[in-house]
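Every chain is numbered from 1 and lettered A, B, ... according to where its sequence line falls, protein lines coming before strand lines.
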There are 2 protein chains.
Amino acid sequence: MTTMGDVARIAGVSVTTVSHVLNGTRRVNPETRQRVEAAIEKTGYRRNVVARALAAGRTHTVGLSISALTNPYFATLVHAVERSLSDAGYVLIVGDSHDTVGSERRVVDSLLDRKVDGMIVAPSAGSEHSTLPEIIATGTPLVLIDRGADIDCDQVASESVAAARALTAHLLDLGHRRIGVVRGLAGITSTTERFDGYVAALADHGIAVDAELVVDGESNTDVAEREVRTLMSRPDRPSALVSLNNAMTIGALKAVRGLGLSIPDDVALVCYDDFEWADLFAPRLTAAAQDVDTVGATAVKLLLSRIDGQQDEPQRILVPTTFHHRNSCGCT
Amino acid sequence: MTTMGDVARIAGVSVTTVSHVLNGTRRVNPETRQRVEAAIEKTGYRRNVVARALAAGRTHTVGLSISALTNPYFATLVHAVERSLSDAGYVLIVGDSHDTVGSERRVVDSLLDRKVDGMIVAPSAGSEHSTLPEIIATGTPLVLIDRGADIDCDQVASESVAAARALTAHLLDLGHRRIGVVRGLAGITSTTERFDGYVAALADHGIAVDAELVVDGESNTDVAEREVRTLMSRPDRPSALVSLNNAMTIGALKAVRGLGLSIPDDVALVCYDDFEWADLFAPRLTAAAQDVDTVGATAVKLLLSRIDGQQDEPQRILVPTTFHHRNSCGCT
DNA sequence: CTGAAAGCGCTAACAG
DNA sequence: CTGTTAGCGCTTTCAG
């Protein structure tokens, strides 16, 4: 493998000069530069980023701990993050935390060992007591994504409360009074905030939450299907449902269909999270869509400025969602 | 930041010993080991994987160049790869090639500079003349995934020909004779093989391919929608359609619906690639599902054994698909 | 069972 | 405008 030393020898200059032409870190005589470039060309030299990282103390690498790569929402998020990062000359290392502190800890440790310059994490339940402080202790810049945590660092997520509230309000406006809700995984802020939105909308209409109407779908398709099936099998079943994430929406849909019920005739449905093909489901889904690209790009922007030494107060950014009015809600 | 030297001093041993207890690379007196472990515990020492990689000449890192992170099929593939890799103590660096040689080259260069121990790539059209040889020239183990290339390295993909052939045959068995096909992005083997399967099925029934019935959807939803719309607007439109990838299926669905046509009454549809929610579309989609997890796990297995020095003939593995018989084909 | 020391390939003072 | 050189933190012979 050719090294900078080889290139230097061939070009008849010092490694310092080679380094500088490679990185553009100081002026070098055009003619000398030519020679160096020729030598690089000739040898097919490639810089060794590992050595560079060790010497410079920066890896130009960012770690991402995400909860479920298979969820299209997160996949899109990874895509957005990767894109912004690569535009800035960084590289992305991803790890899937499966939404458990155990796996999260493993991926975070691995990322930390790798000396990533910064870290983006979608914290799983309980990580503010374990992995998050650990990251902060190392001094590695950190930004939380999708969910928040009661910890001192930048955070970016969607405006969940408002979105869930609007979704629920729409159902109320349509006259529904017994509205079921499928709640996500316990312990993460996206779940609690979305639920808060639901509660707030009911409160706006002077309606108290009926515990019988809230089911825990654990942000999981199968669980949601089972729970919704139970809920919708009751004689006093709700006339409408709000599903609080995409995976659970699939479950709810399956449950309702399995029961031979029709949407929106037997039960109206609105959902948090949109699908690229939401239009093609029968019925077409009324949904609150997150602006994933903005969430991802914002997280990267915040992180990079921390990496560049920004020392301001941590920011908490909320990205607005979009209401897609289709017809699973019962409107035509 | 604490280094191995600090730990060594505190434990009263040499860095050599610390290194060996950390890596389990040679026997060390239990008592000495205790001291070292205590020192590590006390200092909160974390190994510096960058320095380790430089010294050892291995990064324990694998690069993946994928064509479209937002496509659920690829997202699942990334997930499968990440999982297998992390089980083996490796870390995954992902780059999105957007299915163009230009971007692919950028991500591959970056990965190579990073001295990844191996590389998994879903080659975009034309990469056998540019990025693939480049990778091979560096001696970095390489395995191709999802698509093949006429190049000497391990490759793993789905049994596309058989799958597309079965899909088309099903339509023929149902009596269809004018069968349209939506073909994917030109220049990648997954596209040509799937098309070959379509052609083969027709040939089995003594039917020649009618060029008027084949449209290029470029593996893209919008393009497919436009092309299918044109195709289905013809007076002599086909009575059935086979869509050769998931993104194009969405487009085809939109086009057909936009035209006010009904599936399967006005046109039958079968598709390559399944959706987790294929059941929920109206109509339910008859599809050939790829075994993504196996594809991913196999690619990783092949790669790791190359990294470990395996020198056999390159293998080309074809993973079987599953036929999901639902009702967009017209069966009940 | 343990240690000394020579790198791995590069960056960045510092010196000229 | 260019070069010398001391590390960056670790692995790994080689010697004991």
Side-chain angles (χ1 to χ4, degrees), chain A residues 1-40 43-61 89 110 112-117 138-140, chain B residues 1-37 39-40 43-61 89 91 110 112-117 138-140:
Chain A
M1 189 220 273
T2 46
T3 70
M4 255 176 57
D6 302 330
V7 174
R9 192 168 350 94
I10 295 180
V13 299
S14 70
V15 292
T16 306
T17 299
V18 177
S19 171
H20 287 300
V21 341
L22 238 33
N23 301 312
T25 29
R26 83 179 178 194
R27 283 216 55 76
V28 17
N29 188 310
E31 194 196 305
T32 315
R33 170 193 302 281
Q34 293 290 312
R35 291 217 308 286
V36 172
E37 279 161 354
I40 289 175
T43 55
Y45 168 76
R46 331 191 55 99
R47 55 155 35 119
N48 182 330
V49 176
V50 177
R52 175 162 125 110
L54 179 60
R58 290 183 103 215
T59 55
H60 286 276
T61 278
S110 159
L112 252 18
D113 285 352
R114 237 121 198 143
K115 303 297 180 241
V116 292
D117 291 340
T138 65
T140 307
Chain B
M1 188 220 273
T2 45
T3 70
M4 256 177 57
D6 301 329
V7 174
R9 194 169 347 96
I10 294 180
V13 299
S14 70
V15 292
T16 306
T17 299
V18 176
S19 172
H20 286 301
V21 341
L22 238 34
N23 301 311
T25 29
R26 84 178 178 196
R27 282 217 56 74
V28 18
N29 186 311
E31 194 197 304
T32 314
R33 169 194 302 283
Q34 293 290 312
R35 290 217 309 284
V36 173
E37 279 163 353
I40 289 175
T43 56
Y45 168 76
R46 334 191 54 100
R47 55 154 35 118
N48 182 332
V49 175
V50 177
R52 175 161 124 112
L54 179 59
R58 289 183 103 215
T59 56
H60 286 278
T61 279
V91 126
S110 159
L112 252 19
D113 285 352
R114 238 123 197 142
K115 304 297 180 238
V116 292
D117 290 341
T138 65
T140 307

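Using a 4.0 Å heavy-atom criterion, one finds that A:V49 contacts no nucleic acid atom at all. Using a 4.0 Å heavy-atom criterion, one finds that B:T32 contacts the sugar-phosphate atoms exclusively. A:T16 comes within 4.0 angstrom of a base, heavy atoms only.
Atom CZ in A:R26 sits about 12 Å away from atom P in C:dT11, given to the nearest Å. Spacing between atom CE of A:M1 and atom P of C:dG9 amounts to 6 Å, rounded to whole angstrom units.
With A:D117 contributing its side chain and A:R58 its backbone, the two residues share no donor-acceptor pair below 3.5 Å.
No N or O donor and acceptor, one from the side chain of A:S19 and one from the base of C:dA12, sit under 3.5 Å apart. Side-chain to base pairing of A:T25 with C:dA12: no donor and acceptor N or O lie closer than 3.5 Å to each other.
Residues B:L112 and B:T140 meet the side-chain proximity criterion, which asks for heavy atoms closer than 4.5 Å.
With a cutoff of under 4.0 Å to any heavy atom of chain A, the contacted region of DNA chain D is bounded 5' to 3' by D:dC1 to D:dG9.
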* **A:V13 and A:R35: CA distance, side-chain angles, deciding distance, side-chain contact (heavy atoms from CB on, under 4.5 Å) verdict** => CA-CA 9 Å; A:V13 299; A:R35 291 217 308 286; 3.6 Å; yes
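Residues satisfying the salt bridge (Lys or Arg N to Asp or Glu O under 4.0 Å) test with B:R26, not counting sequence neighbours, are none.
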